[in-house]
Amino acid sequence: MGSSLAKKIIKKHLVSGKMSPGEEIAIKIDQTLTQDATGTMAYLQFESLGIPKVRTKVSVSYVDHNMLQTGFENADDHRYLQSVAAKYGIYFSRPGNGICHQVHRERFGEPGLTLLGSDSHTPTNGGLGMLAIGAGGLDIALAMAGEPFYMTMPKIVGVHLKGKLKNWVTGKDVILEMLRRLTVKGGIGKIIEYYGEGVLALSIHDRFTISNMGAELGATTSIFPSDELTKKYLIAQGRGKVWKKLSPDPKPDYDEHIEIDLDKLEPLIAQPHSPDNVVKVSEIEGIPVAQVCIGSCTNSSYHDLAIAAEMLKGKHVHPNVSMTLTPGSKQVFEMIAKDGILETIIAAGARVLESACGPCIGMGLAPASGSVSVRSFNRNFEGRSGTADAKVYLASPEVCTACAITGVITDPRNLNIKGIRIKEPKKYIINDNMIIPPPKKVDNITVLRGPNIKPLPAFEPMPDTIQAKVLLKVGDNITTDHIMPAGAKILPLRSNIPAISEYVFSRIDSEFPKKAKEAGHCIVVGGDNYGQGSSREHAALAPKYLGLQAVIVKSFARIHLANLINFGILPLTFSNPSDYDLINQGDELEIKDVRKIISENGVLKARIVRSNSYIELNYTLTPRQKEIVLSGGALNYVKLNRK
Ligand code: MIC
Ligand code: SF4
């Protein structure tokens, strides 16, 4: 049997471990990316490691999330990031240059390399045949310091794409179909590898959209072969030299198989409040729409905006709809300005936003109360848009534009517009004047810190006994947006842990921070897929700061689990999932001899003080992870082991 493409790349980068699913492996990281909302913390952590220069081939610091400068905080962060980048040998992509994943694929991504990014949508570059993985900021800091990246060897799922997409059906519908079939936890512990004749029929942008939104499946990453289409794209980006052909061997040894017949797909849409709540657009046509947003790292390419413009030609946005369009990068912006697309969009009455995450992360454009917003984005978790009772739907730019024209949810096939084909530009405008390369001489560079940039809190090692209250008990699929919300008010506090910790779990229980501080220590109990969504390590770091010692759940999402370990919070699962029902919110739990039992691989038991009964708990920690948790987090561990 031949090898999958993912395994070939892993093999080339393998530092330690065996490539069988479930084993811990370590891989060498060639490139890193950070964005500002996770980047400030990642660089504070990197600085604390005391290394003079990054040890990767390429590291890039993007500014794209915290762009609403409603106070000094965001601008201070930008200045800090720029000065840190210059000092440590990192490329700096200035605010306005675009969304990290869009710019990275345009200017830096390379087939066959590894990329680790402090953002869950880093897998976007899997569309180029990269092994691109999202992780917490601390893992990026360690990768920049030359440490390998540790992960559990995933299963490789081969997705055979057959046939060809019909008019008005896009890459977005392929990934929505995957979400419909597998759900938001279907990709956990898996790499999704697309192959087959259908891959050739997709545009490069479809591939990026699909690998981007593989994050919503909970997958470690998604990957496409690097073929003639990839080559064309890289040549159009003036980077033909980095292209190489990459494909799986014939008859690859996939652990699981999926088949999608592209001919059979129809326009799909994810309903509130989860990306896997997918139905055919035709099933819900007619629901009134108040807002339409095209943008985000999933669908803001030149191709996406060109489609919207073609559909809007000679028409206007419905009077009840507010429509926004975001070019994903400055390159896209310059392209649409040059060839008239921008003019069409403006003439049709759409609102054009700067190249950034914007409404996707609740940085402005919150929808009206209780209203429907249809977006080309990747997440529609409750409240993420900034309006608690808004109903956010996710669909392709084609469906979004159809809704903007009619004012109701609309299948674009019913619009009486002929199928539109956008020709891929032979050459993109290449103007890297918003990317600052690291200078040769760094002696006189001072790192600039504003008053909102607070030092990293220090943490104690794990105690012998955990005795604490269950301050919160939650259900399944809790997102990191629930644990540590973002949005215009909270996001600017990402460099200030004491301040941001005041918002931990605020969407579920606004008293949580107060209660946690009063209690000193606490435990949280949850259901399946706890911590899905964003890679933000603040969802571990800020609760840790408030005294969270252990999280007991039915199962974890990958990145959040790694972040809990990185910050010395004990991640536990019920040996018997029905024990979840035995614990009440407010119960006091006692877990004795934690250090000894974990070191000796023994069985951990929690005593529920109220009923004086015991439940058994699992921890699947590798020897290295055990040491990290027991030493109070990865920074403590790395520092101890460096001496
Ligand atoms: C998101 O889409 O939720 C974010 C904001 O890009 C996050 C990162 C963050 O919280 O800073 C992500 O996806 O990792
Ligand atoms: Fe930005 Fe949204 Fe993409 Fe996250 S998902 S990186 S907030 S555009």
Side-chain angles (χ1 to χ4, degrees), residues 33-42 61-68 74 77 81 93 95 98-105 116-125 132-140 175 208-209 211-216 218 221 275 293-301 304 324 326-329 332 353-365 375-381 383-386 392 394 479-488 490-495 500 503 531-542 557-560 562-563:
L33 72 78
T34 56
Q35 39 88 342
D36 50 313
T38 52
T40 50
M41 214 23 85
S61 171
Y62 294 93
V63 179
D64 52 6
H65 283 63
N66 264 318
M67 302 280 287
L68 271 187
N74 294 345
D77 280 355
L81 290 168
S93 171
I99 307 174
C100 53
H101 311 303
Q102 175 72 31
V103 179
H104 205 84
R105 76 197 218 192
L116 196 70
S118 63
D119 192 280
S120 61
H121 291 102
T122 303
T124 312
N125 272 260
I133 302 176
L138 182 47
D139 282 327
I140 313 306
I175 190 63
F208 288 126
T209 299
S211 44
N212 170 284
M213 224 176 147
E216 276 51 69
T221 188
C293 303
I294 295 182
S296 93
C297 55
T298 317
N299 277 112
S300 58
S301 64
D304 293 326
T324 73
T326 305
S329 66
V332 175
L353 307 181
E354 68 172 327
S355 297
C357 299
C360 177
I361 191 58
M363 289 305 250
L365 275 304
R375 301 173 161 205
S376 73
F377 305 171
N378 47 40
R379 290 188 173 141
N380 59 346
F381 306 143
R384 180 175 159 107
S385 65
V392 177
L394 307 171
T479 69
T480 43
D481 274 88
H482 289 107
I483 306 170
M484 187 71 264
I490 308 176
L491 212 49
L493 304 174
R494 286 281 180 96
S495 317
I500 204 167
Y503 296 93
Q532 67 157 329
S534 152
S535 67
R536 61 190 72 151
E537 62 189 354
H538 297 74
L541 178 49
R558 176 186 66 90
I559 306 180
H560 189 59
N563 285 335

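Computed from a prediction, not measured in an experiment: that's the story for all the values here. For ligands, and for the atoms within them, numbers begin at 1 and follow the listed sequence.
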Closest non-hydrogen protein atom to atom 10 (O) of ligand 1, residue and atom name please, with distance? Arg536 NE, 2.6 Å
Cys360 neighbourhood, listing ligand 2 atoms whose heavy-atom distance to it stays under 4.0 Å: 2 (Fe), 5 (S), 7 (S), 8 (S)
Contact region, Arg384 to ligand 1, non-hydrogen atoms below 4.0 Å, reads side chain
Could a heavy atom of His101 be found less than 4.0 Å from some atom of ligand 2? yes
Atom 3 (Fe) of ligand 2 to nearest N/O/S of Cys100 below 2.8 Å: no
Taking 4.0 angstrom as the limit and counting only heavy atoms of His65, give me the atoms of ligand 2 inside it, by number and element. 1 (Fe), 4 (Fe), 6 (S), 7 (S)
Can you tell which part of Ile361 has a heavy atom less than 4.0 Å from ligand 1: side chain, backbone, both or neither? side chain
Which residue owns the protein heavy atom closest to atom 13 (O) of ligand 1, what's the atom, and how far is it? Ser120 OG, 2.5 Å
Numbering as shown, the atoms of ligand 2 that approach Cys297 to under 4.0 Å (heavy-atom distance): 3 (Fe), 5 (S), 6 (S), 8 (S)
Tell me which part of Asp119 gets within contact of ligand 2: side chain, backbone, both or neither, using heavy atoms under 4.0 Å. side chain
Just checking: His121, one of its N/O/S atoms, less than 2.8 Å away from atom 1 (Fe) of ligand 2, yes or no? no
Can you tell which part of Arg379 has a heavy atom less than 4.0 Å from ligand 2: side chain, backbone, both or neither? neither
Quick test: of every protein heavy atom, which one is nearest to atom 11 (O) of ligand 1, and how far off is it to 0.1 Å? Arg494 NH1, 2.7 Å
The answer for which part of Asp64 has a heavy atom under 4.0 Å from ligand 2 is neither
Quick one: nearest non-hydrogen protein atom to atom 8 (C) of ligand 1, plus distance? Gln35 NE2, 3.1 Å
Within a strict 4.5 Å, meaning less than it, do heavy atoms of the Arg558 and Ile133 side chains meet? yes
Heavy-atom nearest option to atom 1 (C) of ligand 1, drawn from Arg379, Met484, Met41: Arg379
